[in-house]
Structure formats: structure tokens, C-alpha cells
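Input: a single structure, listed below in C-alpha cells.
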Amino acid sequence: MHFAALGDSAVIITLGDSIDDGTHRLVRAASKRIRDDPPPGFIDIVPAFVSIVVHYDPLTAAQQHKYSGRPYEQVVNFLRDRLIDLDVSDLDAPRTVEIPVCYGGDLGPDLDDVARLHGLTADEVIRLHTGAEYLVYMIGFMPGFAYLGGLPEQIATPRRKTPRTAVPAGTVGIGGQQTGVYPLVSPGGWNLIGRTPAKIFDIARDEPTLVATGDRVRFRAVSRAEFDEAVA
Amino acid sequence: MTILVVTGGLQTTVQDLGRPMHQHQGIPGSGAMDRMAMRVGNILVGNDLGAATLEATLIGPALTFREDAVVALTGADLEASVGATSIPAWHPVLLPAGATLRFGRALRGCRTYIAVAGGIDVPVVFSSRSTYLRAEFGGLDGRALRAGDLLPLGAPSPLSRRIAASLRGTADADTAIVARWSAGISMRAAYSEDVVVRVIRGAHTDLLDKTSLDAFVGSRFRVSASSDRMGYRLDGEKLSLRATTELLSEGVAFGTVQLPPGGSPIVLMADRQTTGGYPRIGEVARVDLGLVAQLKPGDHLRFRFISLEDAQELYLGCEHDLRQAALAIPFHLPRSTV
């Protein structure tokens, strides 16, 4: 476990050096600890693949005197104390979230390219994509965007040479070893293989993001008729 | 009590101190770009430090106040006026019912904060009233102001009412009344078109090659036209790393200086993404973020290193001064209004 300053108002805690389940569980366990018992001046927490950023207000941190030193040392010493006996065995059981996807056609214009590149049929790509279980390693990049691990090697596909300027919300893509769903309209360089009628990010919900860090995700193929009905 | 938006200006949004506790969902921190100016504005009108204000960018809006209102303009000087009266920044001002606040040229800085007694009372979305334009939520329907909008105001605090009473005096004025007191000089940052910005070393500063390290803290960078509330792109000497390094996306901060492969640094600002995967070559000291926020495309900046300890010490000093200024407000008011 390594602590470092991220400027004068944040600490970055590094818990590993590669994207793997063990590090992921440490990140989740540490995040839970910090949320349950936050350091003085706590503002926000951002878990990622191998690290956690804790944003804090140095003024509030300076006003507590349990530890000696500057606001940064106050926060780091507090966190070190809390994380010393980190236990990954008491994590909540992961949820599994199913995301319906209409593959191919105008909703997934790159599906055939992806299939051709790997010498597969479009149906085989869909079968591989829906057959895997994915782990939400982290949420970042834009509201509700989940970084998923677990894409079958057979359909890993390099990003497109020319990114699109506007990928519609709900579009499912493959970029390198990763797959994911664009929560909002955004520019994007991934290969677009389908679209979900589900709202990945919706401010009207109490929990605005469809998936959270630590969730398992499965994709389920739906017909165009089901897609149209769901978005109607 | 409402404000009628006559024209929206270039990009006027509702901003408070930002959106805490949602970054794990990929929701940015947002909030005012120049938080010192924004909070001084709130102090001058008797609001809490975190009351929602308007952030106007380069071309201000035109706003008609339906009832008497105490306002303060802080940050950039966008040549504000009401009728023939010019409205100075950093002063509380009593606007009579029906007054229309207008702006002219951007004389200095980039963003003006319009603080109004009672605060802008738009709905709270994920713990904040701040507008996040990209995902279209917060503020007024998630967008910048436009003609015809009505902005709801909160109830003025007892202190706001005292400030209003002190300005109103005995005359039943039908013009803007500017207070004779104002925010102290220490509360007003030295905005300029060419600033020195202090940076703390970042996780990957040591990966810069010698020439690039010298250029990072020795040369002048120009703010590119594609700079916005998300980030400031800097043109100038291209910086490069000694070794390429494969980084995993992780949390970034307001003020993180990223170095994308092209070699032109980006300073991440209020609407930054929650995470990033580019090398972090510096972290702007919080006390200097306002200076950056007030730069316009074409303006210049230079970086200078500061230690983490010194940056936090300066921050504590500024925060102390700000709170002292807030405590001093009642002493500017005549005793008869108590």
C-alpha cells in the first residue's frame, strides 16, 4: 500500500500494479472502509483499477490534531491506521446486472467488421460477447461509464483509426481488450457492435448509474422489435 | 423572487462549490471555476459561502431584477452597468426593482460571478446546484442561461437584509446604490493575461526528460482556443517523457496537469473527467486555480514549482483570510440597522 499526494487537496492510495481480481478486491475493501469512516475534511473518493483517490479539504484536515504534521500527513496517517488490517473477505456479494443489447444493423454498424477481422460470423461475435461475464473494475471517463474486464480474447479489436464525432448514448463497443457502453452521446473510437435500450446513466433514478464498481455484467441479445419497444 | 434573463451571454451557468460524493459514479466535481471570487461574492451579499451564483464567461448576460436585490460582482471585469451607472466589481450593490444589469467588454479576466442575496435557488441535483453542461443536468435544466429564463432566488438571510437596509438608507433610490465598502485587496487575485502559476510536482514529473522539465517550469505557454470548463489546453514547447509508460486510468484532481502523447499539457478544471490515464506532470496549487480560471484563450502562463507543504500553508492562510472577511461584514454596517 502506497500513499502519495495528488496536489494539495487529494491523496492517491495505490494497492497494486495490474488489473486483476485480487487488486480489485483490495480497492473495494479499502473504499468501503474509507466511506464508513472517512478522514477529516473528506470530500470524495474515486476508486480505480489499482488505486483510490481521496479528495479532502486541507482546512478541515488541519483542524484536527490527532496526528502531528500538515493536513496531508493528518489525512495519510488517518488512512494508514484505518487500512492497516484490510480484509477482503467481508465484501458484499457482487450483483449481476443484465444489459439487453440489439446487435448489428444501424445500431451496431461495426459488427460485421469485427467479425471479418477475426474470421467469425456476426452471430459468433454476438455469442462470444453475450457468453462472457464481465467485472466492473471502475466507473470513470464520463458519468456511468463502466470499465469492464472479461472480454473474450477472440473478439478483442483495435480501436478504429478515425474516431466518430458522436456515438449515441447506449451504444456498445469494443476497443482493444475492453468492451463497454457509452452512457451519453460522446465522441468515440471504439468498434460499435450494438446498442442497449437500457439507460446506463439516468439522473431521474436514485442510483443514477446502472452498474457500480464490483458488479458483474452480462449482455443479452434482443431483437430490433424488443429494442424499439423498450425505447418507445 | 425571480430574475428575468433578457439575454444569456456567451455561457452563463449556475455554479456553487461543486458536486461532492458522486465521483465514483463518474460524475464530475463541477462547481465554480474561480472559487475564491465566487465565495467573496457570496460574503459581500450576506450568503453562505456555498450559495449558488451565476458564472458568466467573457460576454455577460442581461438580467432584470423583479424586486430590490443585493448583488455583488466578483472575478473578471466584464464592464457591468445598470442604466448609465457602471457597477464596480467587489462591492455589494443594491439594485432597485426593475433594474437591468448589463455587461460590456471583457476588460480583465474571463469569468464574472454574480452573487445575489438568497442565492440562485435551482433544484439540487446530486448534492449540488452546479450546472454540468456535458451531461445536461444541474443548474437551470442542465444548460446555460438563455433569453426568457426565469431564475428563482432563495430567501435572503438576516445579514443580507441588513446589508440591503444599510444601502437603501433613507432615499428611495431608483438607481443602483454601490456600497462604500468592498472586499479587501487580499481577497482579489491578481488576474492578468500573463500569470505565474505554482505547481506541486506530480506523479510523473520525474519522467520528463531534462529539456522538457526545463521547458515545463521555464517557458511560457499559451492558452489554446479549445479550452473550457473541463480543461485548459496549453500551446508552447512540446514536452516529452524519458520513457514511455503504460498508465492505468485513475483519479485526477482540479488542477492536475496531464501530458497527452502530443506533448501539449492540459490543466484539468472544474468539469474534468473523474479519472484519466495520461501522465500527471504537475498539480496546480489550489490557491492559484482562480488565476488559471480567469485566463482566456490566447493568454499566457508560466509554471513554477512549489512544495506541497508551502501550497497547503498558503491555502490555509487564504481560507483563514476569507473567513475573517466574512466575520467582518457586520462591522461595515451602521449600528442603527441592527
Inspect the surroundings of [atom1] in [X] and state if more than 12 heavy atoms from other residues, nucleotides or ligands are less than 6.0 Å away.
X        : atom1 : result
A:Asp215 : CG    : yes
B:Phe126 : CZ    : yes
A:Asp20  : CG    : yes
B:Arg233 : CZ    : no

Could you give the distance from [atom1] ([X]) to [atom2] ([Y]), rounded to the nearest 0.5 Å?
X        : Y        : atom1 : atom2 : answer
B:Leu248 : A:Tyr147 : CG    : OH    : 10.5 Å
A:Phe141 : B:Thr274 : CZ    : OG1   : 10.0 Å
A:Ser9   : B:Leu289 : OG    : CG    : 8.0 Å
B:Arg286 : A:Asp57  : CZ    : CG    : 5.0 Å

State, yes or no, whether a side-chain contact exists between [X] and [Y] at a heavy-atom distance under 4.5 Å.
X        : Y        : result
B:Glu283 : A:Asp8   : no
A:Phe42  : B:Met21  : yes
B:Gln312 : A:Tyr72  : yes
B:His24  : A:Ile139 : no
B:Arg134 : A:Pro143 : no

Sort out for me which of B:Ser249, B:Pro20, B:Ala253 touches chain A most, counting heavy-atom pairs under 4.5 Å.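 Among the listed options, the one with the most contacts to chain A is B:Ser249.
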
Counting heavy-atom pairs closer than 4.5 Å to chain A, which one of B:Thr256, B:Ile200, B:Val287 comes out on top?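 Highest number of heavy-atom pairs under 4.5 Å: B:Ile200.
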
Based on non-hydrogen pairs under 4.5 Å, which of A:Val54, A:Ile52, A:Thr209 is most in contact with chain B?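 Option with the top pair count is A:Thr209.
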
Under 3.5 Å, side chain of A:Asp44 to main-chain N/O of B:Gln23, donor-acceptor pair present?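 Side chain of A:Asp44 to backbone of B:Gln23, a donor-acceptor pair under 3.5 Å: yes, one is there.
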
Quick one: closest heavy-atom pair of A:Ile12 and B:Gly251, and the distance?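 Smallest interatomic distance, heavy atoms only, reads CD1-O, 4.5 Å.
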
Which atoms form the tightest heavy-atom contact between A:Pro71 and B:Leu316, and what is the distance?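 Taking A:Pro71 first and B:Leu316 second, the nearest heavy atoms are CG-CD1, 4.2 Å.
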
Is [X] in contact with chain A via its backbone, its side chain, both, or neither, using a 4.5 Å heavy-atom distance?
X        : value
B:Arg323 : side chain
B:Arg280 : side chain
B:Ala203 : neither
B:His22  : backbone
B:Val252 : backbone
B:Glu309 : both
B:Phe254 : neither

Decide side chain to side chain contact (heavy atoms under 4.5 Å, CB included) for B:Glu250 and A:Met138; before the verdict, give the C-alpha distance in whole Å, the side-chain angles of both, and the deciding distance to 0.1 Å. CA-CA 9 Å; B:Glu250 59 189 357; A:Met138 61 180 276; over 6 Å; no

Need one label for [X]: side chain, backbone, both or neither, based on atoms under 4.5 Å from any heavy atom in chain B.
X        : value
A:Leu59  : both
A:Ile43  : both
A:Ala5   : side chain
A:Tyr137 : neither

